[in-house]
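Inspection log for the structure reproduced underneath, given as structure tokens.
Numbered from 1 within each chain, the chains take letters A, B, ... in sequence-line order.
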Amino acid sequence: MSVPGSWYLILAATLFGVGAFGLLVRRNILIMFMCLELMLNAVNLTLVTYSRMLNDIAGQVSVFFVLVVAAAEVVVGLGLIVSIFRGKRQVTADDLHILRG
Amino acid sequence: MMYLFATVLNGSPIKFPQISYVSILPEIILIGVAATIMLLVALIGRTRATYGYTGLGVAAALISGVWSYHLNQSVTSHGARSVIGGALAVDGFSTFFMILTSLGLIVTLLVAEAYLYKVAARGPEFVALTLLSASGAMLMESAYDLLVLFIGLEILSISLYVMVAFTTSRKLSKESAFKYFILGGFASALFLYGLALTYGATGSTNLAKIALFLSNNTLTSNGVLLAGMVLILAGLGFKVALVPFQFWTPDVYQGAPTTVTGYMSGVVKAAGFAALLRVFFVAFETLRADWQPVLLVVSVLTLLVGAVLAVVQKDVKRTLAYSSINHAGFILLGLYVATAASIGDSLYYLFAYTVMSSGTFAVISMIAHLEDRTEMSLSLTDLKGLSSKYPKVALSLAILLLAQAGAPFTIGFLAKFSVLSAVIQAHHYALGVLAMLSVVIAAVLYLRITLSMYSPVVEKRDVSDEELVQAVSLGAVAVEVEEETQVKVKSKIPLPAGIAVFIALAITIGLALDANPLVHFAAQATLLK
Amino acid sequence: MLSFLPYVVGLPLLGFFVLLFLGRRLGRPAAGIVGSVAVGLAFAGSLFVYSGLVSRPANQRIYVDRLFSWFHSGSLHVNVSLYLDPLSMTMVLFVTGVAFLIHIYSIGYMGHDERFHQFFVYLNLFVFSMLILVVGGSLPLTFLGWEGVGTCSYFLIAFWFERPAAASAGKKAFIVNRIGDAGFLLGSFMVYKYFGSLSYSHIFSQSSGVSHEVATWISLLFFVAAIGKSAQIPLFVWLVDAMEGPTPVSALIHAATMVTAGVFLMARLNPFLALSQTSSMVIAIVGVATALLGATAATSQNDIKKVLAYSTVSQLGFMFLGIGTGAYVAAIFLMVTHAFYKALLFLGAGSVIHGMGDEQNLKKMGALRRFMPITSVTFIVGWLSIAGVPPFSGFWSKGDVLDSAFVKSPILWIFGIVAALLTAYYMGRETYLAFYGPSRWSDPIKPSAHPHESPGVMTYPLIVLAVLALLGGALNLPFGSKIAFLSNWLAPVFASAPSAPQVSSSLEVILGVVDAVVALTGVGLAISLWRSRWDQPALEPKTLQKAYYVDAAYDAAVAVPGTWIARESNQVIDPKVIDGAVKTLTDLVSNTGKLTRRLQNGYVRSYALAVSFGVVVLLGYMLTRASS
Amino acid sequence: MFPYLETLVFLPGVIGVVIFFFPSEFPKRYYKGLGVAVSLVELVVAAAMLVQFKTGVGGYQMVSTYHWIPTFGIAWSLGVDGISLFLVVLSAILFPIAIFGSKETKDPKSFIAWMLILETACVGSFLVLDLFDFFLMFELTLIPTYFLMSNWGFSLGGRAAVKFFVYTFLGSAFLLIGILALVFIHDGGTGQVTFSIVALAHTQMSSTAGRLIFLAFSIAFLIKAPVFPFHTWSPDAYSQSPITAAIVLGGVMAKLGTYGIIRFDFQLFPQASRSLGWLILTLAVAGIVYGAVTAAGESHLSRLVAYSSLSHMGFIVLGLFAFTQIGLSGAVLQMFNHGIYTAALFLLLGMIYARRKTLDTSKLAGIQSKAPIMAGIFTVVMLASIGLPGLNGFVGEFMILLGTFITHRWWAVIGVSGVILSAVYMLWAYQKVFHRRDPEQRSFKDLSIREIATLVPLVILIVGIGIFPNVLLSRINPSVHKVLSNSTTQSIVYHSSLGKVAGR
Amino acid sequence: MIATITTPDLVTFIAAALAALVGAIGVVTLRHPIHAALMLVMTFFAIAVLFVEQGAQFLAAVQVIVYAGAIVVLFLFVIMLLGVDKRDAIVPKDTVSWQLPLGLLVAVAILIELSVLTKGVWATGTHSVTSSINGVSNIAVLARAVFSTYLLPFEATSVLLIIAVLGAVVLARIPRASTEEEIALEKESDVKEEVEQK
């Protein structure tokens with residue numbers, strides 16, 4: 001018998017929480033982005049776990065799609081970051097706060 | 001070939017679902033034309049003129065709109081159906097939104113023409129991205145499966161990230177693109193987590209199956225389900241800018257190219273609401289008692305935040321961003337009431353809002369073009385003297401703004417009226433009063449914009465607001481009207497944008513004078529299942 | 001013949017319109033002549049009407065001419081109808097008569113004014129309004145005339161509106177009168193409420209049906225109106241200021257006709273007074289007090305017209321004394337004779353002013369009898385008449401009033417007698433200061449001031465009025481009922497009055513003698529004190545000069561705080577309090593906005609935090625919803 | 001029959017909209033003439049309607065209905081009765097005069113277009129018999145007014161316009177809620193969604209609901225009128241509007257509030273109108289006194305007229321809530337009269353402003369000696385406003401106070417003080433502006449023939465109605481009687497059964 | 001229940017979970033982006049292990065290839081490209097003082113709320129019969145699902161990839177201010193914007 005699904009799920013939730021926490025507190029844009037990936041991975045873990053628990057392939061299929069989405073997002077996101085910060089020595093999100101109020 | 005491949009893998013053949021190409025033709029057209037445009041760019045190369053590409057895009061939008069209308073007609077006569085293994089629904093609801101999306105797309109593309117001239121090198125890509133993004137919107141609107149919904153959402157969003165970033169030579173644009181991207185990613189993650197939890201709780205991602213499961217089973221522990229639902233609400237609420245998920249809206253609306261802002265406020269919001277409606281009224285219908293109070297609180301907050309924060313803004317686009325938040329609150333109000341009539345009213349409102357908002361941003365974009373500024377942060381004072389320079393533009397903007405404020409003989413009025421009547425019919429009197437208060441507060445913001453358009457450019461000492469108010473209330477002054485500095489600038493209004501604004505105006509007023517078609521149209525779109 | 005009545009009323013109106021549109025073109029003196037002719041014809045017409053009325057039997061001398069319906073709604077029907085009875089006939093006659101004389105006089109007096117024609121525009125309108133007032137067949141119509149004369153009075157007082165004093169005086173007169181008008185309106189409302197109609201014929205036929213209390217309220221409310229119009233305590237202040245108007249105006253409006261409208265009104269409404277002893281007493285007391293106040297104040301004035309103004313106040317007080325004691329006929333009698341001699345005195349004063357080059361200060365006159373013989377003689381006639389020296393008209397009319405006061409209450413009579421004594425005295429003082437003594441007008445600063453007699457157009461009216469003042473007593477001589485023409489003539493009008501106080505003939509003789517003695521005493525006193533002196537501060541105390549500081553008291557108690565309240569209301573309460581409340585609401589919104597927007601701090605992390613926070617709250621809510 | 005009402009409602013507005021699409025080559029100087037011509041045609045149609053109007057009949061006449069949005073139960077329904085009749089005529093009279101007297105040179109095209117649209121909105125508000133349509137028209141008045149005020153107004157016109165818009169819009173917000181609540185209560189009772197006031201007049205509801213909805217309606221009307229203490233937008237709006245708009249604002253639009261009270265409050269909520277009448281009466285009386293006192297402290301003539309309007313509208317509201325035939329008829333009459341003399345006052349102020357560029361009483365003096373004709377006409381108008389008998393202001397005021405006295409004695413007594421106070425502020429201002437001598441001896445042209453021509457119709461009306469108010473009253477009375485009898489019948493029926501009313 | 005878990009499974013799970021957690025915490029706390037990226041790789045690997053542990057072999061492979069192989073490499077490229085050397089710590093003087101404590105609070109709150117909501121019952125859905133994973137092989141079952149029920153989303157992901165390409169092209173081609181004059185203008189407008197915002 002394998003480890004109960006709920007353990008995995010709690011682990012996934014924790015990973016999700018850590019990722020979210022990272023997004024909230026980090027100011028390095030790249031690291032914020034990494035935290036996003038972390039959250040997506042947590043979701044993936046959840047989906048795979050559910051897939052096993054429900055004996056249903058849909059969860060795994062979802063992970064498959066999430067992977068694609070994540071890839072596309074990363075491509076565009078990093079492209080964006082590059083185009084924004086090209087030539088700048090700093091990639092701090094806090095520099096971008098002109099728009100406010 | 002496919003079949004062979006599948007047989008080799010596994011003794012039994014894969015049962016491919018019946019693909020009704022007719023039903024997904026609108027999306028196919030958009031995607032196909034986008035691909036064609038990219039191909040043409042590769043073959044022909046780039047020119048500064050982008051008429052051709054825009055024309056292609058508009059044609060695609062038009063055809064997909066017409067086709068959606070055709071679908072709508074067939075659906076109303078033959079009934080709704082779900083296609084491609086239950087992944088998509090073709091019903092009054094989805095076709096309604098697809099028509100709306102096509103409309104918004106047409107306006108966006110027409111307006112973009114003038115903007116594209118300035119970013120000529122990448123013009124075709126912009127058109128292609130917009131078409132792709134709209135196809136994502138359509139996917140969201142007809143999705144009958146959370147996963148399809150998610151894919152649609154991402155198609156919509158990722159292309160939008162690029163569109164927002166289209167003018168990153170400006171600092172504001174960069175900032176807004178970045179914020180939208182990070183927060184959009186965050187919202188997607190939340191949505192996805194919600195999807196996962198819902199899947200775990202119900203064993204499916206298909207809306208119909210979820211609904212079936214929930215109506216057949218009474219869960220002893222529905223915590224996961226509720227958590228999933230809340231996270232989905234957060235993810236979609238982000239897209240339609242509900243409080244407290246609205247923080248990105250003003251920043252992004254302000255910093256994005258105005259054309260894109262218009263697109264976001266119209267098409268994207270419509271798609272978001274479509275998804276929200278579909279998920280909550282199909283999949284989570286049985287949980288109504290759980291989500292209804294949430295919608296109440298959120299809609300009230302959204303109404304108030306949108307209105308109250310709008311009146312203290314100085315930037316036009318930012319102000320309008322808050323106004324769109326206020327509108328979102330109104331639409332949500334109809335969802336909260338959740339009667340068949342009220343949903344129809346919400347849809348009506350959504351339609352009206354999309355048209356008015358797209359039109360408004362179209363005019364703003366036109367002003368940017370006329371003033372010969374690629375992108376700008378247009379403050380209220382920048383608008384001064386507009387009416388004497390471009391009376392027609394000013395009048396159009398004024399009408400659209402007043403329509404948003406709920407002026408009579410516009411669909412804006414009918415929209416507010418119908419949502420309110422649903423609210424009152426359900427005996428939520430206090431809520432009605434509150435909503436109207438927010439309308440009154442919001443009226444100030446529209447008036448402030450029109451006011452600055454119609455006030456002359458005065459080269460005089462700056463009188464502070466407080467002084468002026470003081471003077472008005474004391475009535476001590478009967479100052480003569482200052483002589484305007486007449487600056488007659490004869491920039492030509494770009495024809496495509498002119499057409500776009502005309503379309504918006506024609507719908508705004510025309511469908512108010514003869515209200516029946518749209519009323520019926522929206523009412524029929526409430527056939528969700 | 002009676003049907004000629006509308007034309008009598010209409011003629012001055014016609015004159016008004018002709019002068020209004022053509023006056024400037026007519027120029028002078030044609031405009032004045034047109035105006036005078038209109039009023040003259042009206043006078044002639046009223047004689048014609050009179051002959052018609054008098055030809056009827058005494059108890060049928062009421063003629064109602066319903067012209068058209070003015071306004072109606074529900075049970076309210078107000079017609080434009082004329083109501084002619086002996087009382088209004090009397091008024092019509094003397095109003096048109098005196099007005100005609102004064103019109104003629106004005107042609108001369110206003111001869112050099114730049115707005116000559118306009119003066120006659122106003123005068124004709126005034127005569128029309130006055131006629132409407134007296135023959136109006138219902139309360140609203142009377143009110144039309146009532147307000148009309150007030151408005152004309154306003155126009156005419158402020159005729160020389162470039163002078164701030166004149167403008168202010170006009171405004172003051174109108175506003176003070178409006179206080180009275182409020183009483184008139186409320187009185188009318190009461191009448192409608194209890195009678196269901198506003199027309200006299202209807203009211204009078206039912207007046208006995210109301211309670212004492214209602215009658216008291218109604219009569220007191222109308223008395224408020226009369227107080228305003230007839231310058232009684234406490235609303236007399238406007239009349240003295242009204243002397244800013246041209247002198248013919250003072251003569252016509254502020255002495256002879258308009259100010260007596262209050263007396264007329266009370267006489268007209270005698271059925272109510274008859275039902276209420278309370279209000280009669282109030283009227284009598286107010287009347288005698290006013291008579292005394294006016295008389296004392298008149299003793300110390302230095303302005304030739306102000307003496308006459310206070311005198312008018314005082315005489316009107318006498319009339320109200322008559323009304324209050326139930327001697328309506330006496331009051332009307334006094335009103336008519338007063339019209340004669342007071343118009344005479346004012347016109348005489350006007351002649352003096354005209355001759356002196358607009359000098360009005362008595363202390364700068366003297367010895368004018370040598371330069372203005374006709375004026376001085378007629379003025380002396382007026383003096384003796386008002387003083388009540390037999391056989392001048394004032395003796396008879398004032399005597400009647402005092403007699404009835406004696407019957408009512410000796411205390412009233414004593415005050416009345418004192419006032420009568422003072423009347424003889426102050427008019428003597430004025431006569432002596434103006435026409436006798438050393439000349440004090442050879443002012444080196446104004447050498448051009450050279451007194452001269454006025455032209456014939458001014459002196460002839462003086463002569464006519466002097467004759468009337470002398471012989472006016474003949475209207476109602478107390479020698480048997482046959483000769484008492486006015487009493488007989490007016491008897492039907494006051495039929496409902498319980499009984500006019502009757503004095504035995506012996507007492508009447510005694511009282512008459514007392515009156516005469518008092519009058520002569522007053523005259524003698526004036527002669528002895530002022531024959532050779534002109535400056536006696538001891539006899540002109542400041543308090544009396546200022547008329548007991550009533551005007552100043554009004555300033556302090558009403559005008560100053562009123563202005564303050566208005567200003568505060570306009571500059572503080574409206575913008576700061578009421579609009580301030582509105583503004584507080586809007587500020588609440590914008591301040592909330594300003595506070596809330598600080599959450600929108602521009603940091604993307606904070607936005608994400610907000611999103612997460614939203615999720616936390618939503619999850620938290622779901623905790624309460626989750627099934628266990 | 002000729003569609004009088006349809007023509008009246010749509011003619012100016014449609015032409016106004018069309019004007020917006022005129023080519024820019026169209027000569028600017030013709031716009032004013034065009035505006036006058038259109039509004040004169042409107043006047044002719046209104047006159048024809050007046051002739052067609054049957055006297056002695058209380059109900060709606062010339063009724064026509066078109067089902068506009070059947071799904072929402074909304075119909076486009078027009079009709080006229082004695083109450084709306086003269087308000088329509090008033091609008092038809094004032095608009096040509098206001099346009100003819102306008103001096104706006106800036107962008108005449110839009111100016112005329114907005115004016116014509118405003119005329120449609122005003123006339124429409126008076127003629128529609130459907131709550132939805134009424135709300136639409138009631139709201140529509142705001143937009144042209146807003147533009148007129150902010151584009152052609154004085155320097156602070158924009159701010160005043162926003163204040164005006166938002167303030168009245170706030171009232172409308174409650175009105176809309178009230179309308180919907182009423183409609184759905186009716187729907188709940190009868191299962192029929194309709195906005196027709198005739199149908200809704202017999203809605204059964206609890207007295208609490210009736211009162212609340214009554215208040216929701218009333219707040220909109222009280223703000224529009226304006227009635228104390230909801231008036232603070234009006235001094236700003238009146239003083240910052242272009243004179244042309246001020247004429248309409250004070251002359252016609254203020255009447256929307258009082259008209260709404262009669263047409264909707266009284267007919268839809270007779271119970272609540274009576275039970276809460278004391279409240280409105282008190283506000284009205286407070287407004288009479290407060291408006292007059294505040295006007296006395298005012299130095300800006302337009303603002304003074306605004307405060308005086310507050311006082312006069314107080315009288316009108318007083319007459320309405322007296323619930324007597326006399327008071328109500330008087331109030332309806334006075335609505336017309338107030339429109340006439342207020343318009344005339346604003347025209348005169350405009351003429352003074354054109355000459356002196358100020359309306360501050362402390363900067364004006366001695367006009368009467370330079371311009372006797374203007375002074376004369378001003379005097380007549382002023383006296384009409386003071387309520388001098390023989391001029392039009394009197395009859396209405398008298399009837400109002402009399403009607404009030406019968407049922408609410410003490411309110412009438414306080415109201416009478418307004419008679420005194422109105423003389424105070426008016427004469428005070430007149431003295432400052434027209435009397436005395438101008439210390440600087442500047443020149444001041446008397447009225448031109450054109451200006452006299454603008455004013456004469458109003459002066460004729462002022463005098464004519466003062467003497468022959470019956471021309472109006474004979475048409476007003478039957479409708480007023482109907483309103484009152486409706487509300488009394490209803491109050492009886494309310495306690496017994498609904499059957500009788502339905503049968504009637 | 002724990003007793004029934006086989007030891008290798010338990011050990012694998014604990015090891016992988018620890019690795020994933022440490023990696024995640026490392027991403028969040030490490031100052032240098034490159035270190036963070038390496039920590040991310042560790043998490044990805046750990047998760048891949050957990051996938052295998054749950055019978056999702058194919059996904060585990062894809063996870064390693066796509067995430068660790070492609071995505072993190074992309075990250076590293078960008079870090080190199082931008083030449084970011086400025087370090088950013090998690091707790092330096094933060095401009096928004098309440099961000100860190102509130103962030104922590106919120107994250108913890110979400111976790112707690114989730115666990116309270118579930119009460120240990122995570123999966124309430126019914127076991128699937130139609131698309132069971134106990135098929136021939138993981139890949140075959142997955143493929144079958146992708147080409148039948150999920151055909152549409154599968155096709156739609158192609159659009160995503162187009163967009164990714166298109167986006168990358170567009171973003172890469174964004175013209176920089178070319179002339180000195182334009183650069184000056186840009187700076188000026190930046191300054192102006194900042195002033196306006198303040």
Side-chain angles (χ1 to χ4, degrees), chain A residues 1-9 11 13-15 17-22 24-28 30-31 34-35 37-38 41 44-45 48-58 60-61 63-65 67-69 71-72 74-76 78-83 85 89-92 94 98, chain E residues 4-5 9-10 13 17 20 24-25 27-28 33 36 40 47 50-51 54-56 59 62 66 71 74-75 78-79 81-82 84 86 88 90 95 99-100 103 107 110-111 114 120 122-123 125 127-128 131-133 141-142 145-146 150 153 157 160-161 163-164 167-168 171-172 174 193-194 197:
Chain A
M1 183 69 192
S2 178
V3 177
S6 54
W7 292 25
Y8 285 95
L9 291 172
L11 173 67
T14 315
L15 283 177
V18 171
F21 173 69
L24 297 186
V25 297
R26 292 308 295 259
R27 282 164 299 170
N28 186 304
L30 289 163
I31 294 180
M34 289 177 201
C35 290
E37 295 304 321
L38 209 53
N41 266 275
N44 283 350
L45 186 54
V48 169
T49 311
Y50 273 133
S51 175
R52 178 174 68 108
M53 292 171 82
L54 299 174
N55 191 28
D56 183 62
I57 195 66
Q60 293 197 22
V61 177
V63 174
F64 182 70
F65 290 134
L67 276 167
V68 181
V69 167
V74 165
V75 170
V76 169
L78 287 177
L80 197 64
I81 289 172
V82 169
S83 82
F85 292 96
R89 308 285 289 166
Q90 211 174 331
V91 286
T92 309
D94 281 9
I98 298 171
Chain E
T4 62
I5 302 167
D9 278 345
L10 189 61
F13 174 78
I25 291 168
V27 170
V28 173
L40 192 63
I47 287 174
L50 291 175
F51 281 4
Q54 300 196 72
L59 286 182
V62 178
V66 175
I71 292 181
L74 259 180
F75 268 102
V78 170
I79 295 168
L81 182 70
L82 293 178
V84 187
K86 175 119 185 244
D88 129 79
I90 185 166
T95 35
Q99 186 78 29
L100 182 63
I110 290 180
L111 273 180
L114 272 177
W122 284 84
H127 276 240
S128 176
S131 53
S132 162
I133 46 174
V141 177
L142 196 63
V146 164
Y150 298 98
T157 46
L160 270 177
L161 295 177
I163 293 170
L171 291 170
I174 284 177
E193 273 164 15
E194 271 170 44
Q197 290 299 320

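- When each of A/Val61, A/Asn44, A/Val48 is tested with E/Leu59 by the rule side-chain contact (heavy atoms from CB on, under 4.5 Å), just one qualifies, namely A/Val48.
- For A/Tyr8, the ring pair (Phe, Tyr, Trp, His ring centres under 6.0 Å) partners two or more places apart in sequence, or in a different chain, are E/Phe13.
- Residues E/Phe75 and A/Ile31 are not in side-chain contact: their nearest non-hydrogen atoms beyond the backbone lie 4.5 Å or more apart.
- Considering OG1 of A/Thr14 and CG of E/Leu114, their distance stands at 9.5 Å, rounded to 0.5 Å.
- Heavy-atom pairs under 4.5 Å with chain A were tallied for E/Ala168, E/Ala56, E/Gly167; the largest tally goes to E/Ala56.
- Taking A/Asn41 as the reference, E/Gln63 meet the side-chain hydrogen bond (donor to acceptor under 3.5 Å, both in side chains) condition, with sequence neighbours excluded.
- Among A/Leu67, A/Ile81, A/Val76, A/Val69, the residue making the largest number of heavy-atom pairs under 4.5 Å with chain E is A/Leu67.
- In this structure, chain E has heavy atoms under 4.5 Å from both the backbone and the side chain of A/Ala13.
- Each of E/Ile79, E/Leu81, E/Leu171, E/Leu74 was checked for a side-chain contact (heavy atoms from CB on, under 4.5 Å) with A/Leu78, and the lone residue meeting it is E/Leu74.
- Closest heavy-atom contact between E/Val27 and A/Cys35: CG1-SG, 4.1 Å.
- Separation of atoms CZ (A/Phe64) and OH (E/Tyr150) is listed at 13.0 Å; rounding is to 0.5 Å.
- At a 4.5 Å heavy-atom cutoff, the contact between E/Leu40 and chain A is made by side-chain atoms alone.
- Nearest heavy-atom pair across E/Pro33 and A/Met34 is O-CE, 3.6 Å.
- Between chain A and the residues E/Ile110, E/Ile71, E/Val62, E/Val146, the largest count of heavy-atom pairs under 4.5 Å involves E/Ile71.
- For E/Leu160, the parts lying near chain A are the backbone and the side chain together; criterion is any non-hydrogen pair under 4.5 Å.
- Of all heavy-atom pairs spanning A/Phe21 and E/Ala107, the tightest one is CB-CB, 3.8 Å.
- Nearest heavy-atom pair, A/Gln60 versus E/Gly55, reported as atom, atom and distance to 0.1 Å: NE2-O, 4.2 Å.
- Here the OG1 atom belonging to A/Thr49 is positioned 3.5 Å from the CD atom belonging to E/Gln54, to the nearest 0.5 angstrom.
- Between A/Leu15 and E/Ala20, the shortest heavy-atom contact is CD2-O, 3.7 Å.
- Contact of A/Leu45 with chain E is made through backbone and side chain together, with heavy-atom distances under 4.5 Å.
- Contact detail for E/Ala164 and A/Val75: the closest heavy-atom pair is O-CG1, 3.7 Å.
- When side chains are defined from C-beta on, A/Trp7 counts as touching E/Leu10, because their heavy atoms get closer than 4.5 Å.
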